[in-house]
Each structure stands twice: as structure tokens, then as C-alpha cells.
Amino acid sequence: MDNRVTRANDATSKAFDELLKINAGRMRSIDSIVAALFELMRDKPYADITVSDICAAAGVSRKTFYRSFESKVSVVKMHVDMVYLDCSKKNGFARSGARSIYMYFYEHMLKEPAFAKLFVEPDLFDIMTDKIKEYVEIELEDTWYNSVAFEPMLAEYYLKFAAVGISSLMRIWVQNNCKTPAKTMAILTERLLSGVL
């Protein structure tokens, strides 16, 4: 197997292994903090939420918060990683294909409106784009490197283009109140980005 493919698969497994190493008590605190932030985001813009607000809502001290997170941005990143890892776990950590990843994210946004807000919050769009860029690289790395037209020195451009495109589609979808079916959006996302490959 190509080392790039192995590295991409290992990155997903490694992230999940890191979560597994967290003891049960700390994981409960992490879950409480993540849930508190997303609960607060239902009624308040992300920019107006403080670490103190999150701690109060989670019933944890600031010390407990900072034992697991550097900032509220790292709470968002952890949650997004957990969503991606859940998708990966459901697929046995095998590459699940771009469409199934898009589908999973669109469906997750329908189930968790606060997660959907991540794509429309001005302070979070770039963070979401960077996280999606990580997942695009993991999911499509072997496809890109095996493409005749792929230029390795341009990989960063390809990845950013794909990530911004996906994030933008998700943002527009949320701004349109998620009216288009998730399956249709997943297919549209895949089709629009197929020119990248």
C-alpha cells in the first residue's frame, strides 16, 4: 500500500486512539464542555460566549476547562473531529468515499442545528474550512496522488480550493434553512468538486 494512503488512514485511527486514551472522568468533562458550548450557541452568537459561560453551563471549573482545551476554538475543533471520527468509525475506519462523508455532515447539521451554525458564524468559517481541508486530504489523498493531472507542489491549493468549496456550499445550504435534501447536497458537493481531481 502506498505510504500516503497508509498515513491518511493512520491519521484517522490516531485521532480516535487519542480520544480513547482520555480517562472516563476527563471524557465526561469534555463531553459536558462541548455540549454546553453547543447548547449556548442555540441562543447566543459564538463571539458572545465566554469560557466562563461555557464552564457555568457545563458545571465545571475553569481549571477543568483548561485541562482539556486551550480556548473555546479548541472546543469547536474537538467537536468537529468527534463528528468526523464518528463517521469514520461507522465505516470501520475504511475510506468511506467523499459522498458519504458529505452526506454524514449534511445529516449531522440537520440533527444538530448548533453544528450547522458553525458554517455561518463569521468567526468560525475559516476554522471549519481548515478542519474540512484536513478531512479532504485524508479521504482523497490517494485519489489525488494517483491522478495523472495531479501536481504535488500544488497540493495545498487543491486542498484549500476543495475545502472552501465544501464549506461555502454548506454555508449557503444553512443560510437557505437546509431546504434542499441532504442527499442532493452531498451529490452536488461531490459533482462540483470532481473537477478538482
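Worth knowing before you read on, the calculation uses all heavy atoms, side chains too, and leaves out hydrogens, waters and symmetry mates. On a predicted model such as this, the values are computed, not experimentally measured, just so you know.
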Visitor: Search all heavy atoms of Ala57 against all heavy atoms of Leu40 and return the closest pair with its distance.
Guide: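 Minimum heavy-atom contact is CB-CD1, 4.1 Å.
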Visitor: Report yes or no: do Phe105 and Leu110 belong to one cluster of Ile/Leu/Val/Met/Phe/Trp/Tyr joined by side chain heavy-atom distances under 4.5 Å?
Guide: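 Looking at the clustering, Leu110 is in the same group as Phe105.
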Visitor: Grouping I, L, V, M, F, W and Y whenever their side-chain heavy atoms are under 4.5 Å apart, do Leu124 and Met78 come out in a common cluster?
Guide: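 Shared cluster, yes.
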Visitor: Could you grab the distance from atom CG of Asp43 to atom CG of Asp48, nearest 0.5 Å is fine?
Guide: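 The distance works out to 12.0 Å.
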Visitor: Quick one: salt bridge (charged side-chain N to carboxylate O under 4.0 Å, His left out) partners of Glu156, sequence neighbours excluded?
Guide: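 Glu156 satisfies salt bridge (charged side-chain N to carboxylate O under 4.0 Å, His left out) with Lys133 only.
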Visitor: What verdict does the side-chain contact (heavy atoms from CB on, under 4.5 Å) test give for Tyr102 and Leu169, after you've listed the backbone C-alpha separation in whole Å, the side-chain angles of each residue and the deciding distance to 0.1 Å?
Guide: CA-CA 11 Å; Tyr102 307 146; Leu169 285 173; over 6 Å; no
Visitor: Checking Ser74 side chain against Glu70 main chain: does a donor-acceptor pair fall under 3.5 Å?
Guide: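 Here the side-chain-to-backbone pair exists.
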Visitor: Do the side chain of Lys72 and the main chain of Ile49 share a donor and acceptor less than 3.5 angstrom apart?
Guide: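 Pair found, side chain donor or acceptor close to backbone of Ile49.
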Visitor: I need the Phe115 CZ to His108 NE2 distance, nearest 0.5 Å.
Guide: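 These two atoms lie 5.0 Å from each other.
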Visitor: What's the separation between atom CD1 in Ile172 and atom CG in Asn176, rounded to the nearest 0.5 Å?
Guide: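 Taking CD1 in Ile172 and CG in Asn176, the distance rounds to 7.5 Å.
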Visitor: Got Arg67 and Val60 here, is their nearest side-chain heavy-atom distance under 4.5 Å?
Guide: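 Of all side-chain heavy-atom pairs linking Val60 with Arg67, none is under 4.5 Å.
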Visitor: Test of understanding: with salt bridge (charged side-chain N to carboxylate O under 4.0 Å, His left out), list the residues that count as partners of Glu121, not counting sequence neighbours.
Guide: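 By the salt bridge (charged side-chain N to carboxylate O under 4.0 Å, His left out) rule, Glu121 matches no residue at all.
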Visitor: Report yes or no: do Ile187 and Val136 belong to one cluster of Ile/Leu/Val/Met/Phe/Trp/Tyr joined by side chain heavy-atom distances under 4.5 Å?
Guide: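 The answer is no; the residues belong to distinct hydrophobic clusters.
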Visitor: Is any side-chain heavy atom of Met128 closer than 4.5 Å to a side-chain heavy atom of Val80?
Guide: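 Counting from C-beta outward, Met128 and Val80 do come under 4.5 Å.
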Visitor: Between the main-chain N or O of Val73 and the side-chain N or O of Tyr46, is there a donor-acceptor pair closer than 3.5 Å?
Guide: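 Confirmed, Tyr46 side chain pairs with Val73 backbone.
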Visitor: Residues in side-chain contact (heavy atoms from CB on, under 4.5 Å) with Glu39, at least two apart?
Guide: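 Only Arg42 meet the side-chain contact (heavy atoms from CB on, under 4.5 Å) criterion with Glu39.
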Visitor: OH/Tyr106 to CD1/Ile101 distance, rounded to the nearest 0.5 angstrom?
Guide: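 Taking OH in Tyr106 and CD1 in Ile101, the distance rounds to 13.0 Å.
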Visitor: Using modelled atom types and a 3.5 Å cut-off, is there a donor and acceptor pairing between side-chain atoms of Lys131 and backbone atoms of Asp126?
Guide: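 No: the side chain of Lys131 does not pair with the backbone of Asp126.
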Visitor: Indicate, with yes or no, if Met41 and Phe125 share a hydrophobic cluster defined by side-chain heavy-atom contacts under 4.5 Å among Ile, Leu, Val, Met, Phe, Trp and Tyr.
Guide: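 Each belongs to a different hydrophobic cluster.
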Visitor: Got Trp173 and Met170 here, is their nearest side-chain heavy-atom distance under 4.5 Å?
Guide: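 They are not in side-chain contact.
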Visitor: Taking ring-ring contact (aromatic ring centres under 6.0 Å, His included) as the definition, give me every residue that meets it alongside Tyr104, ordered by chain and number, with sequence neighbours left out.
Guide: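 Once residues adjacent in sequence are excluded, Tyr104 has no partner under the ring-ring contact (aromatic ring centres under 6.0 Å, His included) criterion.
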Visitor: Just verifying a value: how many Å separate Phe65 CZ and Ile30 CD1, rounded to the nearest 0.5 Å?
Guide: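 So the CZ of Phe65 and the CD1 of Ile30 are separated by 10.5 Å.
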Visitor: Among all residues two or more places apart in sequence or in another chain, which pass the ring-ring contact (aromatic ring centres under 6.0 Å, His included) test with Phe38?
Guide: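 Once residues adjacent in sequence are excluded, the partners of Phe38 under the ring-ring contact (aromatic ring centres under 6.0 Å, His included) criterion are His79.
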Visitor: List the residues meeting side-chain hydrogen bond (donor to acceptor under 3.5 Å, both in side chains) with Ser32, not counting sequence neighbours, and say none if there are none.
Guide: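 Residues passing side-chain hydrogen bond (donor to acceptor under 3.5 Å, both in side chains) with Ser32: none at all.
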Visitor: Tell me whether Thr184 contacts the main-chain N or O of Thr180 through its side chain, where contact means a donor paired with an acceptor under 3.5 Å.
Guide: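 No, the answer is negative, given that no donor and acceptor are paired below the 3.5 Å cut-off.
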Visitor: Does Ile132 belong to the same Ile/Leu/Val/Met/Phe/Trp/Tyr cluster as Phe161, with side-chain heavy atoms less than 4.5 Å apart forming each link?
Guide: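 The answer is yes; both residues are in one hydrophobic cluster.
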Visitor: Only pairs at least two apart or in different chains count here, so list each salt bridge (Lys or Arg N to Asp or Glu O under 4.0 Å) that has a residue in residues 166-187.
Guide: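 As it turns out, there is no salt bridge (Lys or Arg N to Asp or Glu O under 4.0 Å) pair with a partner in residues 166-187 once direct neighbours are skipped.
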Visitor: Test side-chain contact (heavy atoms from CB on, under 4.5 Å) on Gln175 and Val120 and set out the steps.
Guide: CA-CA 7 Å; Gln175 289 171 333; Val120 294; 3.7 Å; yes
Visitor: Taking all non-hydrogen atoms of both residues, which atom of Val76 and which atom of Leu37 are closest, and how far apart?
Guide: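 The pair with the smallest heavy-atom distance is CG2-CD2, 3.8 Å.
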Visitor: Not counting sequence neighbours, which residues clear side-chain contact (heavy atoms from CB on, under 4.5 Å) with Arg62? List them please.
Guide: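 Result, side-chain contact (heavy atoms from CB on, under 4.5 Å) vs Arg62: Val51, Ser52, Cys55, Tyr66.
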Visitor: In sequence, state the C-alpha distance, the side-chain angles, and the governing distance for Leu188 and Met185, and then conclude on side-chain contact (heavy atoms from CB on, under 4.5 Å).
Guide: CA-CA 5 Å; Leu188 174 64; Met185 289 305 299; 4.2 Å; yes
Visitor: Is it the case that more than 12 heavy atoms not belonging to Lys77 sit under 6.0 Å from its NZ atom?
Guide: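 Counting neighbours around NZ of Lys77, 12 or fewer heavy atoms of other residues, nucleotides or ligands fall under 6.0 Å, so no.
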Visitor: With sequence neighbours excluded, tell me which residues meet salt bridge (charged side-chain N to carboxylate O under 4.0 Å, His left out) with Asp130.
Guide: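 Result, salt bridge (charged side-chain N to carboxylate O under 4.0 Å, His left out) vs Asp130: Lys160.
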Visitor: Excluding sequence neighbours, so at least two apart, what forms side-chain hydrogen bond (donor to acceptor under 3.5 Å, both in side chains) with Ser29?
Guide: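 For Ser29, no residue satisfies side-chain hydrogen bond (donor to acceptor under 3.5 Å, both in side chains) once neighbours in sequence are set aside.
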Visitor: Going by salt bridge (charged side-chain N to carboxylate O under 4.0 Å, His left out), name the residues that satisfy it together with Asp53, two or more places apart in sequence or in a different chain.
Guide: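 Partners of Asp53 under the salt bridge (charged side-chain N to carboxylate O under 4.0 Å, His left out) test: Lys44.
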Visitor: Among all residues two or more places apart in sequence or in another chain, which pass the ring-ring contact (aromatic ring centres under 6.0 Å, His included) test with Phe119?
Guide: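 Testing Phe119 for ring-ring contact (aromatic ring centres under 6.0 Å, His included), a comparison that skips the adjacent residues, returns none.
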